[in-house]
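Heads up: the structure comes next, in structure tokens.
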Number of protein chains: 2
Amino acid sequence: MPPESPTSLLSPARSPRPFTTTGQRTVDRTTRHSETRYGNRPTMKDVAARAGVGLKTVSRVVNSEPGVTPDTERRVQEAIDALGFRRNDSARVLRKGRTASIGLVLEDLADPFYGPLSRAVEEVARAHGALLINGSSAEDPEREQELVLALCARRVDGLIVIPAGDDHRYLEPEIKAGIATVFVDRPAGRVDADMVLSDSFGGSREGVAHLIAHGHRRIGFIGDQPRIHTATERLRGYHAAMTDAGITVEDGWVSLGTTDPGRVRAAAEAMLGGPEPVTALFAGNNRVTVTAVRVIAERERPVALVGFDDIELADLLGITVISQDAAAVGRTAAEHLFRRLDGADHAPARVELPTTLIPRGSGELPPA
Amino acid sequence: MPPESPTSLLSPARSPRPFTTTGQRTVDRTTRHSETRYGNRPTMKDVAARAGVGLKTVSRVVNSEPGVTPDTERRVQEAIDALGFRRNDSARVLRKGRTASIGLVLEDLADPFYGPLSRAVEEVARAHGALLINGSSAEDPEREQELVLALCARRVDGLIVIPAGDDHRYLEPEIKAGIATVFVDRPAGRVDADMVLSDSFGGSREGVAHLIAHGHRRIGFIGDQPRIHTATERLRGYHAAMTDAGITVEDGWVSLGTTDPGRVRAAAEAMLGGPEPVTALFAGNNRVTVTAVRVIAERERPVALVGFDDIELADLLGITVISQDAAAVGRTAAEHLFRRLDGADHAPARVELPTTLIPRGSGELPPA
DNA sequence: CATTGCGTTGACAACGTTGTCCAGGGCCTA
DNA sequence: TAGGCCCTGGACAACGTTGTCAACGCAATG
């Protein structure tokens, strides 16, 4: 067995020390670096020289390993403070093989759904002494791959990916090489791995059924690009609910495309106009909902609305939503990941988290 | 206390290498790989052996350096694909001295103000070929320091910090060692560095003056902890506006503390109750605004409100706000940082970005 | 007194990559 | 054909750290 594992890379072994004003940087490092070198930081070697001890002893002190006399430790610590030494984790990682960091690739950190998700992942990572690196794919498969591979090159211990693309075979060598991977929100493409999903189908079906239960039969659906798994699942839920009620979906009731406000607006206005307009809308995600709310607010005739994903202040606006708990999704995914990292070796699992219908008024309006 | 990870961060003991000399062929190397041993990734050495070329030639191919015959390149590329090789950036960083990554320490990624900010920083970083690592300090100075130093240990090239604490002398050795640092949203404590701030004082003053202009004289202020610079600046702006109008601020009109919804609610209700209630509220940040809107919505009598920071859907709710452009703040900070990294050597600058008053109704209500 | 044992310490190699430098071969020119 | 040059490729050291192992001093033991 390897000896007792030293501390994580995230939390320095030593508690933060108050700044000491004793420091003058006067180590003789005349020709050690070429002068072009950026950031000429002291190394353990420098600390050792200044403290008059061996290199390894400095390493011991820095990592709080046993077997150092209090007196020696004090001398080393003084040298560390004087020089402003800080361990170089790149070198450490190279030697130890683990980075104590995980990567999270999501769509857009600015999206209010992903912020809390990321934060939840961060907290779990922190509890495991790991740092989180997240990147935004901007829903671009190529950028997703670029990001993921950059993270792999940095040898993150694990990856959480919210897929933008639908083919993740490029990850196979990485997964084989030992990078634990969990896919979130949408299933992985052509790769066998853990997944944590929300019940898009069920949630959507419930939401549409809710509208039907309140008397609607002409219901419009506005969703994201069909390339995105959750978008098609939600559409499937819509169709299922309509079919359950024996309603035939008419042309023009369904719009799939970007979530770009302009297009959503156009789609919504088209559905709400004409001789036989829809009386209710189902919005496929939070951004669609926001635009839909704006469009509806401008209209004379009330239009019922249920949105997928909760929105801040939706309670005050009385918007009925299908809520998925972003933080719970992130937490679950992160916990799965760390279970893997701790050695869990079972077959890839697929977890589906339930959604909740939150009635707040807009979904309970009767047909106009 | 940062949790110490008791789990083994160590990679499992490597199988002993049967040889270390250079001339030998690689039979057992390839065998080793096909064993699918986890955590044992192929290196350039392995690729070189398989392609029958030298180590440095592989490095050249991987980095698209010139001086490699197309035929050789092809052979190397095949070996790379066959083995699933990926360059180890830790080793690369160790050698090159630059990590091509920057760190961003903010308060809470789940906060709708920081999501867009982080995203803007990410985009600038990406344009400069750098990766962004962000961490949440949860407004805890100790955690901020812990995070910052962990990022320094990873040798990020630069740091963007939204300070939680008010003493950043611990960063001095790092800054001296060449880690470019920009402070955002709040000034650095006892350290001379670049700063990008919003005009909290001016914005707040304008917002309160706006309420006064609409006839209010009894105006309450609810803000964040006075430890936080923006909180005191906004309070200062409030006092300035009141003084400008010749109004004496009464006890009980000002509440500083956490942004915890419960306490904000209590504070707001206290101000709005009693024999001589305030007729308007100024909310010191987005979270306070959200709670204030809820409290006001429950009341019979209309209460005017201006909030600092914009909120999604605030237009539909008719909330008047002082808006600061989070993305612009992030972008500006990141651009400053990269200018430093590209060699800019001028004295630390202090940029102050303007705020905008957006009237939407709640701030234009007359006193009840 | 010699020996054992333990606790402390440091020399050294290795982690995987890149910069430097030199060797060898092919080709062009005189 | 000889000499020189360019182009390709590889050997080697270094980056800063940690694991291994052996040496040392000292005390307790036989």
Side-chain angles (χ1 to χ4, degrees), chain A residues 1-7 9 13 29 31-34 36-49 51-73 75-76 85-99 153-155 177, chain B residues 9-11 13-14 16-17 19-23 39-49 51-73 75-76 83 85-99 153-155 177:
Chain A
M1 279 303 289
E4 180 50 31
S5 162
T7 56
L9 291 172
R29 26 195 317 146
T31 54
R32 238 171 43 67
H33 294 293
S34 65
T36 55
R37 216 171 137 53
Y38 214 84
N40 209 356
R41 301 195 63 132
T43 70
M44 284 192 180
K45 200 170 158 188
D46 301 317
V47 174
V53 301
L55 182 54
K56 180 62 194 185
T57 299
V58 176
S59 173
R60 287 200 184 90
V61 172
V62 168
N63 295 294
S64 305
E65 287 171 25
V68 181
T69 314
D71 180 61
T72 309
E73 175 168 357
R75 284 215 319 286
V76 171
F85 165 82
R86 182 150 330 272
R87 184 178 67 195
N88 184 329
D89 274 350
S90 292
R92 176 170 221 251
V93 158
L94 179 59
R95 194 58 237 260
K96 301 197 74 120
R98 283 266 182 137
T99 54
R154 279 172 199 251
R155 297 292 188 270
Chain B
L9 286 174
L10 285 174
S11 45
R14 298 193 167 240
R17 301 249 171 132
F19 65 93
T20 48
T21 41
T22 52
N40 212 352
R41 302 195 61 133
T43 71
M44 284 192 180
K45 201 169 159 188
D46 300 317
V47 174
V53 301
L55 182 54
K56 180 62 193 183
T57 300
V58 177
S59 172
R60 279 197 266 267
V61 171
V62 169
N63 294 294
S64 306
E65 287 171 25
V68 181
T69 319
D71 180 60
T72 308
E73 174 167 0
R75 285 215 318 286
V76 170
L83 295 177
F85 166 82
R86 181 150 331 269
R87 184 179 65 196
N88 184 330
D89 273 352
S90 291
R92 174 168 224 254
V93 158
L94 179 58
R95 191 61 235 263
K96 300 198 77 118
R98 281 262 186 141
T99 55
R154 283 175 195 249
R155 296 293 188 270

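Everything numeric in this text was worked out from a predicted model, so none of it was measured. Numbered from 1 within each chain, the chains take letters A, B, ... in sequence-line order.
A distance-only check finds no donor-acceptor pair linking the side chain of N63(B) to the backbone of R60(B) [under 3.5 Å]. Here the side chain of N88(B) pairs a donor or acceptor atom with the backbone of S90(B) at under 3.5 angstrom. In this structure, the side chain of R75(B) engages the main chain of A51(B) through a donor-acceptor pair within 3.5 Å. Between the side chain of T43(A) and the main chain of K45(A), a donor-acceptor pair closer than 3.5 Å is present.
Within the 4.0 angstrom heavy-atom criterion, no nucleotide atom of any strand lies near S90(B).
For K96(B) against dG19(C), no side-chain N or O and base N or O form a donor-acceptor pair under 3.5 Å. Residue side chain K56(B) reaches the base of dG19(C) through a donor-acceptor N/O pair under 3.5 Å, judged by distance alone.
Considering only side-chain N and O atoms, T43(B) lies nowhere under 4.0 angstrom from the phosphate OP1 or OP2 of dC15(C). In terms of phosphate contacts, S59(B) brings a side-chain nitrogen or oxygen within less than 4.0 Å of OP1 or OP2 of dT18(C).
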List every contact pair, protein side and nucleotides 23-27 of chain D side both N or O, where the distance is under 3.5 Å.
none

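Distance, L94(A) CG to dG16(D) C1': 9 Å, rounded to whole Å. Rounded to an integer number of Å, the gap from CZ of R98(A) to P of dC15(C) is 18 Å. R86(A) has its CZ atom 16 Å from the C1' atom of dT17(D), to the nearest Å. For R95(A) and dT20(D), the CZ to P distance is 8 Å, given to the nearest whole Å. The CG atom of N88(A) sits 13 Å away from the C1' atom of dC15(C) (whole-angstrom rounding). Atom pair M44(B):CE and dT17(C):P shows a separation of 5 Å (rounding to whole Å applied). Spacing between atom CG of D46(B) and atom P of dC15(C) amounts to 11 Å, rounded to whole angstrom units. Remark: P of dG16(D) and CG of D89(A) are 14 Å apart, rounded to the nearest angstrom.
Counting heavy atoms from C-beta outward, R155(A) and R41(B) have side chains that approach closer than 4.5 Å. Using a 4.5 Å cut-off on side-chain heavy atoms (C-beta onward), R87(A) and R154(B) make no contact.
With distances taken from any side-chain atom of T57(B) to the nucleotides dG9(D), dT18(C), dT18(D), the minimum falls on dG9(D). Each of dT17(C), dG10(C), dT17(D) was ranked by its minimum atom distance to the side chain of A91(A); first place goes to dT17(D).
Rounded to the nearest 0.5 Å, atoms CG (D89(B)) and OG1 (T99(A)) are 11.5 Å apart.
Scanning both residues, M44(B) and L55(B), for their nearest heavy atoms gives CB-CD1, 3.4 Å.
Evaluation of the side chain to side chain donor-acceptor pair (under 3.5 Å) rule for T57(A) yields no partner, not counting sequence neighbours.
Taken residue by residue, residues 60-69 of chain B places heavy atoms nearer than 4.0 Å to DNA chain D at R60(B), G67(B), V68(B), T69(B).
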Inset, instruction - Tell me, with the steps shown, if R92(B) and R98(B) meet side chain to side chain contact (heavy atoms under 4.5 Å, CB included). - result: CA-CA 9 Å; R92(B) 174 168 224 254; R98(B) 281 262 186 141; over 6 Å; no
